Amino acid sequence: MHSTAPHPLDDPGASPFGIAQKAAEQLAERTGVDRHDIALTLGSGWGRAADLLGETTASIPAVDIVGFSAPALAGHAGTLRSVLLPNGARALIIGARTHYYEGHGVRRVVHSVRTAAAAGARTMILTNGAGGIRDTWTPGTPVLISDHINLTADSPLEGATFVDLTDLYTRRLRDIARTVDPSLDEGVYCQFRGPHYETPAEVQYAKAIGGHIVGMSTALEAIAAREAGMELLGMSLITNLAAGIQTTPLSHEEVLDAGKAAEARLGDLLARIVSAL
Ligand code: HPA
């Protein structure tokens with residue numbers, strides 16, 4: 001850990017939006033870019049996209065920006081990058097995800113999304129590595145997220161903030177993604193708390209309630225993105241079949257290996273989708 005000072009988002013009296021605003025100002029100062037147009041959170045398997053989207057003009061350790069937490073996981077880069085896209089737009093690449101399972105509370109989980117919004121981003125792309133419930137999705141398959149089921153029993157919204165979540169992962173952006181790759185399938189993402197993988201019974205439960213993908217991120221971030229008025233695209237890399245669908249035990253190594261194997265292809269796919277937006 002970088003410091004033992006109390007984390008600013010852990011102060012219940014602090015405004016998470018005020019801290020995101022401050023973070024956006026620091027980001028502008030450190031990157032020399034006043035405004036970012038689009039933000040991407042790159043989960044397991046998606047990191048290569050950062051190099052393929054355009055020209056990286058600044059790369060900074062996320063912990064240098066207020067409100068960001070040190071990465072909990074090797075393989076999660078912990079950097080924020082500013083990328084100049086071929087069309088002149090500016091992308092903010094978030095390689096520093098705070099997961100809900102880390103137990104630091106949902107404010108820290110969604111801080112990167114709120115910072116991106118405060119930095120000007122109107123479009124948010126959330127990616128992750130996840131387990132597949134459909135057995136036709138072999139490991140390495142990218143899928144569009146069509147909707148989610150939030151099984152964390154938590155929310156980034158505080159107080160009586162009633163936010164509509166219809167068409168959260170907008171059809172418009174999913175359709176654009178399919179113009180790039182018509183073979184892209186889509187499914188409903190279920191966010192479990194983790195960090196344990198699901199039991200086979202929980203996977204059957206997720207399937208019975210309409211889920212197709214199981215994972216430990218994204219849904220809470222998606223809610224914060226909608227609250228901030230951003231248009232959202234979500235994509236999962238199926239790194240494994242979900243527990244019980246595959247008969248062998250799940251492991252983090254398997255997830256990382258599937259991510260690595262798919263990385264070049266996913267990076268290329270995401271870069272082509274972003275240039276089609
Ligand atoms: N379940 C939850 N999270 C995951 C999985 C899974 O099967 N694979 C990768 N992340």
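Predicted, not measured: the structure shown is a model, and the values here were computed from it. Whatever order the structure lists them in is the order used to number ligands and atoms, beginning at 1.
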Checking side-chain contact (heavy atoms from CB on, under 4.5 Å) between Arg90 and each of Val33, Ile38, Thr31, which is the one that passes?
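Answer after filtering Val33, Ile38, Thr31: Val33.
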
For [atom], the protein heavy atom that lies nearest, with its residue and separation:
atom: atom 10 (N) of ligand 1; answer: Gly129 O, 3.3 Å
atom: atom 9 (C) of ligand 1; answer: Thr239 OG1, 3.4 Å
atom: atom 8 (N) of ligand 1; answer: Asn240 OD1, 2.7 Å
atom: atom 4 (C) of ligand 1; answer: Tyr197 CE2, 3.8 Å
atom: atom 5 (C) of ligand 1; answer: Gly131 N, 3.4 Å

Need the ligand 1 atom indices (1-based, order shown) with element for anything under 4.0 Å from a heavy-atom of Leu250.
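Listed by number with element: 7 (O).
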
Atom 2 (C) of ligand 1: which of Glu202, Glu254, Glu198, His252 has the nearest heavy atom?
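The nearest heavy atom belongs to Glu198.
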
Check the side chains of [Y] and [X] for a donor-acceptor pair under 3.5 angstrom, ignoring hydrogens and angles.
X: Ser69; Y: Arg108; result: yes
X: Thr170; Y: Glu231; result: yes
X: Thr41; Y: Arg97; result: no

Is it the side chain (CB and beyond), the backbone, both or neither of Val214 that lies under 4.0 Å from ligand 1, heavy atoms counted?
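Within the 4.0 Å criterion, Val214 contacts ligand 1 through backbone and side-chain atoms alike.
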
With His7, which residues qualify under ring-ring contact (aromatic ring centres under 6.0 Å, His included), at least two apart?
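Not a single residue meets the ring-ring contact (aromatic ring centres under 6.0 Å, His included) criterion with His7.
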
